[in-house]
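Data block below; observations after.
For clarity, every value in this text was computed on a predicted model and none was experimentally measured. Scope of the values below: all heavy atoms of this structure, side chains included, with no hydrogens, waters or symmetry mates.
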Amino acid sequence: MIDVIQKQFTEITSKCLDRNAKENGTKKRNMQLVFKLGSNSEAEYLIYKDYQPLKVVSFLEVLGVRFDMRGYSLFVPKFIKGALERFCEEDTIDRANVRVLLSFNENDEMLMWLYDNTEFKKQVELDSLFSTDDILE
């Protein structure tokens, strides 16, 4: 099940950045998707261009749909929130400062990095976003 979610997540985020690249007249590799914890302790999603914030988007906007027929919005945000909270504990990052930046390189490979606000901490693997321990707690 987790493997299916990860594959779909990669496709969804790729399409999200493709859409935003077209809207902003640039290439996908110049766009980034950032996850952070909002003031309500839920995951927030931001679109960046060339590492500068452009806009905050909903998870449905990340999906590129008005209604989530597949139910991704029921569980993917929980995985992301759990991962962000775990990163705060593991890497001693204040909840207000935790960020995961996701982008695609010129070979269309997805890359993710963990930040403490703007300070780079480490590269993150997709597996670390989808830990069943995070969603069960």
Side-chain angles (χ1 to χ4, degrees):
M1 169 84 171
I2 296 292
D3 292 339
V4 172
I5 293 169
Q6 289 177 351
K7 183 176 187 278
Q8 291 299 313
F9 180 81
T10 302
E11 290 176 20
I12 289 165
T13 54
S14 177
K15 288 178 184 177
C16 173
L17 292 179
D18 271 334
R19 282 189 311 274
N20 282 279
K22 286 177 186 168
E23 288 174 14
N24 289 281
T26 192
K27 296 180 182 191
K28 178 170 62 174
R29 68 175 181 245
N30 297 330
M31 302 299 296
Q32 299 83 37
L33 177 62
V34 173
F35 308 125
K36 69 179 204 128
L37 290 173
S39 58
N40 63 356
S41 293
E42 294 300 320
E44 288 187 353
Y45 313 93
L46 299 95
I47 300 294
Y48 279 47
K49 178 183 176 190
D50 297 321
Y51 303 97
Q52 298 300 315
L54 286 179
K55 62 184 176 179
V56 176
V57 294
S58 69
F59 188 71
L60 290 178
E61 289 172 298
V62 171
L63 290 174
V65 299
R66 292 185 194 274
F67 183 72
D68 179 15
M69 299 287 287
R70 295 185 179 181
Y72 295 132
S73 61
L74 297 175
F75 54 89
V76 172
K78 292 178 184 177
F79 277 114
I80 293 171
K81 176 186 175 187
L84 291 170
E85 290 173 342
R86 182 171 28 84
F87 294 147
C88 288
E89 289 179 28
E90 291 174 356
D91 295 280
T92 320
I93 301 172
D94 186 88
R95 293 173 58 82
N97 292 334
V98 66
R99 309 276 188 278
V100 171
L101 184 138
L102 178 153
S103 67
F104 286 81
N105 64 19
E106 58 278 345
N107 298 322
D108 210 31
E109 299 166 322
M110 186 174 70
L111 303 170
M112 292 187 295
W113 299 277
L114 176 65
Y115 285 86
D116 182 344
N117 201 12
T118 58
E119 178 188 341
F120 173 77
K121 295 298 256 182
K122 65 183 180 184
Q123 187 163 358
V124 177
E125 298 300 323
L126 184 58
D127 293 355
S128 67
L129 277 187
F130 295 98
S131 168
T132 53
D133 292 341
D134 292 332
I135 201 166
L136 296 176
E137 292 179 3

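- Looking only at distances, a side-chain donor or acceptor of Asn105 sits under 3.5 Å from a matching main-chain atom of Asn107.
- Atom CZ of Arg99 sits about 14.0 Å away from atom CZ of Phe87, to the nearest 0.5 Å.
- In this structure, Phe59 is a member of the same hydrophobic cluster as Val98, with clusters built from ILVMFWY side-chain heavy atoms closer than 4.5 Å.
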Query - CA sep, side-chain torsions, deciding dist, call: Asp91, Asp116, side chain to side chain contact (heavy atoms under 4.5 Å, CB included) - result: CA-CA 9 Å; Asp91 295 280; Asp116 182 344; over 6 Å; no

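- The two residues Glu61 and Arg19 make their nearest non-hydrogen contact at O-NH2, 2.9 Å.
- Heavy atoms only, all atoms of each residue included: Ser128 and Ala83 are closest at O-CB, 3.7 Å.
- Cluster annotation: Leu129 is not connected to Leu101 through the hydrophobic network of ILVMFWY side chains, with a link wherever side-chain heavy atoms come within less than 4.5 Å.
- Residues Ala43 and Pro77 approach most closely at CB-O, 4.3 Å, considering heavy atoms.
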**Report entry** Trace of the side chain to side chain contact (heavy atoms under 4.5 Å, CB included) decision for Val76 with Val62
**Finding:** CA-CA 11 Å; Val76 172; Val62 171; over 6 Å; no

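- Side-chain atoms of Pro53 and Val34, non-hydrogen and from C-beta on, never get closer than 4.5 Å to each other.
- Checking Thr10, Asn30, Leu33 one by one against Phe104, the side chain to side chain contact (heavy atoms under 4.5 Å, CB included) holds for a single residue, Thr10.
- Transitive grouping of hydrophobic side chains (ILVMFWY, heavy atoms separated by less than 4.5 Å) brings Tyr115 and Val56 into a common cluster.
- The hydrophobic clustering, which links ILVMFWY residues whose side-chain heavy atoms are closer than 4.5 Å, places Tyr51 and Met110 apart.
- With respect to Glu23, the salt bridge (Lys or Arg N to Asp or Glu O under 4.0 Å) criterion is satisfied by exactly one of Lys49, Lys55, Lys28: Lys55.
- To the nearest 0.5 angstrom, Met112 atom CE is 14.0 Å from Gln32 atom CD.
- The main-chain N or O of Asn20 is found under 3.5 Å from a side-chain atom of Asn24 such that the two form a donor-acceptor pair.
- Within 6.0 Å of the NZ atom in Lys15, the count of heavy atoms belonging to other residues, nucleotides or ligands does not exceed 12.
- Hydrophobic clustering (side-chain heavy atoms under 4.5 Å, transitive across Ile, Leu, Val, Met, Phe, Trp, Tyr) groups Leu17 together with Val57.
- Remark: of the listed residues Lys78, Arg95, Lys81, Lys81 is the sole one forming a salt bridge (Lys or Arg N to Asp or Glu O under 4.0 Å) with Glu42.
- Residues Glu119 and Asn97 form no side-chain contact, since every pair of their non-hydrogen atoms from C-beta on lies 4.5 Å or further apart.
- Ring orientation note: the planes of Phe35 and Phe9 are tilted relative to one another, at an angle of 30° to 60°.
- Salt bridge annotation for Glu44-Lys36: present, with a cationic side-chain nitrogen under 4.0 angstrom from a carboxylate oxygen.
- Closest approach of Ser103 to Trp113, counting heavy atoms only: OG-CZ3, 3.2 Å.
- The CD atom of Glu85 lies 13.0 Å from the CD1 atom of Ile93; values are rounded to the nearest 0.5 Å.
- More than 12 heavy-atom neighbours from other residues, nucleotides or ligands sit within 6.0 angstrom of CD on Gln123.
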